[in-house]
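Single-structure report; data block below.
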Amino acid sequence: MNASVTIIIRCLAFWSLLLLLFFLSGPITAMFPDAWPRFMYGAFGTISAFFLTWLFLKSEKRSVSDIGLVWEPGTPWRFFVGLLIGTSLFGVILLSLLLLTPLQIQFNPQPLKASALVGYLAFFPLSLMEEIGFRAYPFRRLNDRFGIRVTQLIVAIVFALYHVAGGQSIGGSFLGPGIYAFVFGLAAAWSGGIAVPFGIHVALNILQPLSGMRGASGAIWMLSHKESPAAGQAASPDTIGILMQFTVLAIAILLTEYYIRKNADKTIKIAS
């Protein structure tokens, strides 16, 4: 069988088995009390993703260290860098919404419940299971064979479809996770591991509900419409939000092209 076809089949098999394990874990994790089911779902998903990665690599006589899925002294720092990137990215988007639309941000007077804290804590294993599942083994295998351009496109589409399967709308899945998959993938390729994209992922996942973008429940701040917006703030939040998403996509694509050119220059220098 053609090597390219074999890699695609293996990656699709990996994702299919991963989704199956996620599905099977649902009834089990749902038995945990209060806000813990999501945390346990993420924990089980992380273990499942790591186990499948180990299993597929073992079948190829490789190890997790071959794809950078190991703890290193610099791992915490790379994760922190990812948190800074994700926080900065979110800050630019939020600032654009506040400057260009009638939205305003206010402190949420509702006290933060313990269940909300568990919910925020759950974003760590939930983000990690997705990074292992999409930016580790499949990403590396596809990138080694097809290059970063094709890999970014394939993983972004599958990542969006994965969110559709999880209950999100098609439009929301492709305009949200589908676009940020390019950011996560670029971070994984540039850093050689998943610590940086994991940090970006955690920051984005936590800051959205924290700032009230997913409702007032569990939020520290709330977004609301001004009664008398200033001149130049008449744009629809949805319109600006979509424009910002496509801006993120455009920047990610441009940086991917820069990454390709930079690595091509290195290859030419080494060859010469």
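The structure displayed is predicted, hence computed values, not measured ones.
- Closest of all the heavy-atom pairs between Gly133 and Leu18 is CA-CD2, 3.7 Å.
- Side chains of His225 and Gln104: a donor-acceptor N/O pair is absent below 3.5 angstrom, by distance only.
- Atom-to-atom distance recorded for Leu207:CG and Tyr120:OH is 9.0 Å, nearest 0.5 angstrom.
- The distance from atom OG of Ser236 to atom CG of Leu100, rounded to the nearest 0.5 Å, is 11.5 Å.
- A 4.5 Å side-chain heavy-atom check between Ile93 and Val248 finds at least one atom pair inside the cut-off.
- Note on Trp15 and Leu20: separate hydrophobic clusters, where clusters join Ile, Leu, Val, Met, Phe, Trp and Tyr whose side-chain heavy atoms are under 4.5 Å apart, directly or indirectly.
- Here CG of Leu142 is found 5.0 Å from CD1 of Ile154. Values are rounded to the nearest 0.5 Å.
- Taking all atoms of both residues into account, the shortest heavy-atom contact from Ile179 to Leu175 is CD1-O, 3.3 Å.
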### Task
Determine, stepwise, if the pair Met129 / Tyr41 fulfils side chain to side chain contact (heavy atoms under 4.5 Å, CB included).
CA-CA 10 Å; Met129 79 177 194; Tyr41 180 81; 3.5 Å; yes
### Message
Evaluate Val64 against Phe50 for side chain to side chain contact (heavy atoms under 4.5 Å, CB included), listing each step before the verdict.
### Response
CA-CA 9 Å; Val64 291; Phe50 190 88; 4.1 Å; yes
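- For the atom pair CG of Leu243 and OG1 of Thr239, the computed distance is 6.5 Å after rounding to the nearest 0.5 Å.
- The local environment of CZ in Arg214 is crowded, with over 12 non-hydrogen atoms from other residues, nucleotides or ligands closer than 6.0 Å.
- Here Trp77 pairs with Phe80 under the ring pair (Phe, Tyr, Trp, His ring centres under 6.0 Å) rule; sequence neighbours left out.
- Checked against ring pair (Phe, Tyr, Trp, His ring centres under 6.0 Å), Phe198 has the following partners two or more places apart in sequence or in another chain: Phe79.
- When every heavy atom of Arg10 is checked against every heavy atom of Ser59, the shortest pair comes out as NH2-OG, 2.6 Å.
- Take Phe39 and apply the ring pair (Phe, Tyr, Trp, His ring centres under 6.0 Å) test, not counting sequence neighbours, and it matches Trp36.
- Between Asn263 and Tyr259, the shortest heavy-atom contact is ND2-O, 2.8 Å.
- When the side chains of ILVMFWY residues are joined at heavy-atom separations under 4.5 Å, either directly or via intervening members, Ile240 and Leu223 end up in a single hydrophobic cluster.
- For the pair Asp66 (side chain) and Arg62 (backbone), a donor-acceptor distance under 3.5 Å is absent.
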### Task
For the pair Leu204 and Phe184, evaluate side chain to side chain contact (heavy atoms under 4.5 Å, CB included) and give the outcome as yes or no after the intermediate values.
CA-CA 11 Å; Leu204 293 174; Phe184 303 147; 4.2 Å; yes
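- Using a distance-only test at 3.5 Å, with no hydrogens or angles considered, no donor-acceptor pair links the side chain of Thr75 to the main chain of Trp71.
- No side-chain heavy atom of Ser48 sits less than 4.5 Å from a side-chain heavy atom of Leu52.
- Ser127 pairs by the side chain to side chain donor-acceptor pair (under 3.5 Å) definition with Asn205, not counting sequence neighbours.
- Linking ILVMFWY residues whenever their side-chain heavy atoms come closer than 4.5 Å, directly or via other members, places Ile85 and Phe124 in the same cluster.
- For the pair Glu72 and Arg78, the minimum side-chain heavy-atom distance is below 4.5 Å.
- A ring pair (Phe, Tyr, Trp, His ring centres under 6.0 Å) with Phe14 is found for one member of Phe56, Trp54, Phe51, Phe139 and no other, namely Phe56.
- For Arg140, there are no side chain to side chain donor-acceptor pair (under 3.5 Å) partners at least two apart in sequence or on another chain.
- Judged purely by atom type and a 3.5 angstrom limit, Thr101 has no side-chain atom pairing as donor or acceptor with the backbone of Leu98.
- Using the six-membered ring where Trp is involved, Phe159 and His163 have ring planes that are perpendicular, over 60° apart on the 30 and 60° scheme.
- Residues Phe44 and Leu24 are members of separate hydrophobic clusters, defined by side-chain heavy-atom contacts under 4.5 angstrom among Ile, Leu, Val, Met, Phe, Trp and Tyr.
- Aromatic pair Phe107/Trp221: centroids not less than 6.0 angstrom apart.
- Note that CD1 of Ile200 and CD1 of Ile194 are 12.0 Å apart. Values are rounded to the nearest 0.5 Å.
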### Query
Going through the distances and angles, do Leu249 and Phe246 end up as a side chain to side chain contact (heavy atoms under 4.5 Å, CB included)?
CA-CA 5 Å; Leu249 176 61; Phe246 279 109; 4.2 Å; yes
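- Scanning both residues, Gly176 and Gln245, for their nearest heavy atoms gives CA-NE2, 3.8 Å.
- The two residues Trp190 and Leu255 make their nearest non-hydrogen contact at CZ3-O, 3.7 Å.
- Atoms CE and CG, from Met213 and Leu103 in turn, are 8.0 Å apart once rounded to the nearest 0.5 Å.
- Using a 3.5 Å distance cut-off with no hydrogens or angles, the side chains of Arg145 and Thr151 do not pair a donor with an acceptor.
- Residues forming a ring pair (Phe, Tyr, Trp, His ring centres under 6.0 Å) with Tyr162 (at least two apart in sequence, or on another chain): Phe134.
- The backbone N or O of Met222 lies less than 3.5 Å from no partner atom in the side chain of Asn108, so there is not a single donor-acceptor pair.
- In terms of modelled atom types and a separation under 3.5 Å, the side chain of Asn143 and the main chain of Ile148 share a donor-acceptor contact.
- Tracing side-chain contacts under 4.5 Å through hydrophobic residues (I, L, V, M, F, W, Y), one reaches Val92 starting from Val81; they form part of the same cluster.
- The environment of CD1 in Ile170 is sparse: at most 12 heavy-atom neighbours from other residues, nucleotides or ligands sit within 6.0 Å.
- Side-chain contact between Tyr137 and Leu69 is absent, with no heavy atoms from C-beta onward closer than 4.5 Å.
- The pair Glu257-Arg149 counts as a salt bridge, with a side-chain nitrogen and a carboxylate oxygen less than 4.0 angstrom apart.
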